[in-house]
**Q** 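This is the structure I have questions about; it appears just below.
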Amino acid sequence: MFVRRIAVIGTGYVGLTTGACLASLGHQVVCADVDEEKINKLKAGTIPILEPGLTELVTEGMAAGRLKFVVGARDAIANPNADDTESEDNPVEVVFLCVPTPMGAGGAADLAAVEAVAQEVRDLLPRNCVVVNKSTVPVGTAARTKQLLGRRDVAVVSNPEFLREGSAVHDFLNPDRIVVGCDQQDAAEKVAALYSRLGAPTLLTDAASSEMVKYAANCFLAMKLSYVNAMAELCERLGADVHEVTEGMGYDKRIGQAFLKPGPGWGGSCLPKDTNALVQISAAAGFDFPLLNASLETNNRQAARMVDKVRAACGGSLSGKRIGLLGLTFKAGTDDLRDSPALTVAAALRAEGAELTAFDPGCQTGVAGVTDGITVTDDPMTAAKDADAITVLTEWPEFRALDWKAMAKVASRRTVVDTRNLLDPDVLRRAGFSWVGVGCR
Ligand code: UGA
């Protein structure tokens, strides 16, 4: 395997994981971010996100001299190893763009950050270096980036990332596949070779197809979840159990057991953003994609259905009712609150006059980003105290191990609405609670 000199621009979930993992594969990596405070923390070994294994990889990479942090793309590219006398002979060969592509006006992806970095680095890029887009970007962005760079000698490659938050390092190092797209075969091969030690199936394709793979995969996952959530509703109406149904479906290898758990709706920083973006991309291409719109509508409906369950558990009205919320993050194992279905449900409960006290193992009291009107506590008993209903919104395994008998003693009404079907109903019933799940009795 060739050891390459790599610059990674952007140290969010994707950038930081990419930088740390590429360094662990033996490459020389310099990671850059515009946020000076974040870079200073990273230099001191403080990782700003909750991601298993990442702190260890960053520490190891820095100790081995394979991973560095600098402020700004300019330094990462023009001056990657200021303290390394060999740097002039060994310029950066591959530049990864891992900057945010948030949802912009009307749901389309906002490419301002990608464009700004391209403008900033165009004259600094060493000859024949390869620029890689790892952010999720609309089809045509590689071509647009190439245009913005205005450099014939610099190839732009699409190499989407498929890692999940909460298992980012594991997913990066154990990928189901590597996808690399470029209209120049040699550049695609150079990028694919960075991952050769991983031994993953590798698809070398054109840039547009590679860019589309990421949307196609995320939107398919969103659609699969909306299907399961709709199926859960039908199971409730017909007296079937969605667990049995999805298990029976999942043995079919064409379907698979993964991503079949019903919940309060799918969220996070990727699935909603990418589904909305693909709706926009399709519309701009003159193509109506009703499946995608239906997946979004089903998802909105799912949160409302959860509110119906809590309202019913409280006797028909939420006004003035105390609800103890278990979970705020968009899924377990992360501290990320972006587009969290838990917050959507909480905001709707609040709008109907409920008083909310929440406990989440990933969020401390005073955490930023929580909807107004939620009191966040570090003690699950405080969330349960005087509650008219306890509502599980995130599937943290820790909730199974709570002292449910003690919770029953302090709750006002012994009702649990479990939007993740996380808890064992028998344990809850033995503790004196009634239990309401999703898609089952
Ligand atoms: C998702 C994709 O799974 C990754 O492959 C992709 O790389 C990433 O987006 C991205 O584009 O960067 P992530 O947002 O971390 O990863 O979260 P997921 O694990 O996919 O969960 C998304 C949502 O679906 C969460 O709200 C989760 O609770 C929900 N979910 C997931 C269910 O309700 N049921 C399931 O069975 C699985």
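The figures here come from the full heavy-atom set of this structure, side chains too, leaving out hydrogens, waters and symmetry mates. Both ligands and their constituent atoms are indexed starting at 1 by order of listing. Small disclaimer: the values here were computed from a predicted structure and weren't measured.
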**Q** Taking T419 for its side chain and V392 for its backbone only, find out whether a donor-acceptor pair lies under 3.5 Å.
**A** yes
**Q** Sort out the contact shell of ligand 1: every protein residue with a heavy-atom distance below 4.0 Å, listed by chain and number.
**A** E161, F162, L163, R164, E165, K214, N218, L221, L225, F259, L260, K261, W266, G267, C270, L271, D274, F330, K331, R420
**Q** Below 4.5 Å, heavy atoms only, C-beta onward: do D171 and F162 meet side chain to side chain?
**A** no
**Q** Any chance the side chains of T298 and S226 put a donor and an acceptor closer than 3.5 Å?
**A** no
**Q** What orientation do Y195 and F172 show, parallel under 30°, tilted 30 to 60°, or perpendicular over 60°?
**A** tilted
**Q** Between R311 and D308, does any side-chain N to carboxylate O distance fall below 4.0 Å?
**A** yes
**Q** State whether E352 and K321 are salt-bridged, where the test is any N-O pair (Lys NZ or Arg NE/NH1/NH2 against Asp/Glu carboxylate O) under 4.0 Å.
**A** no
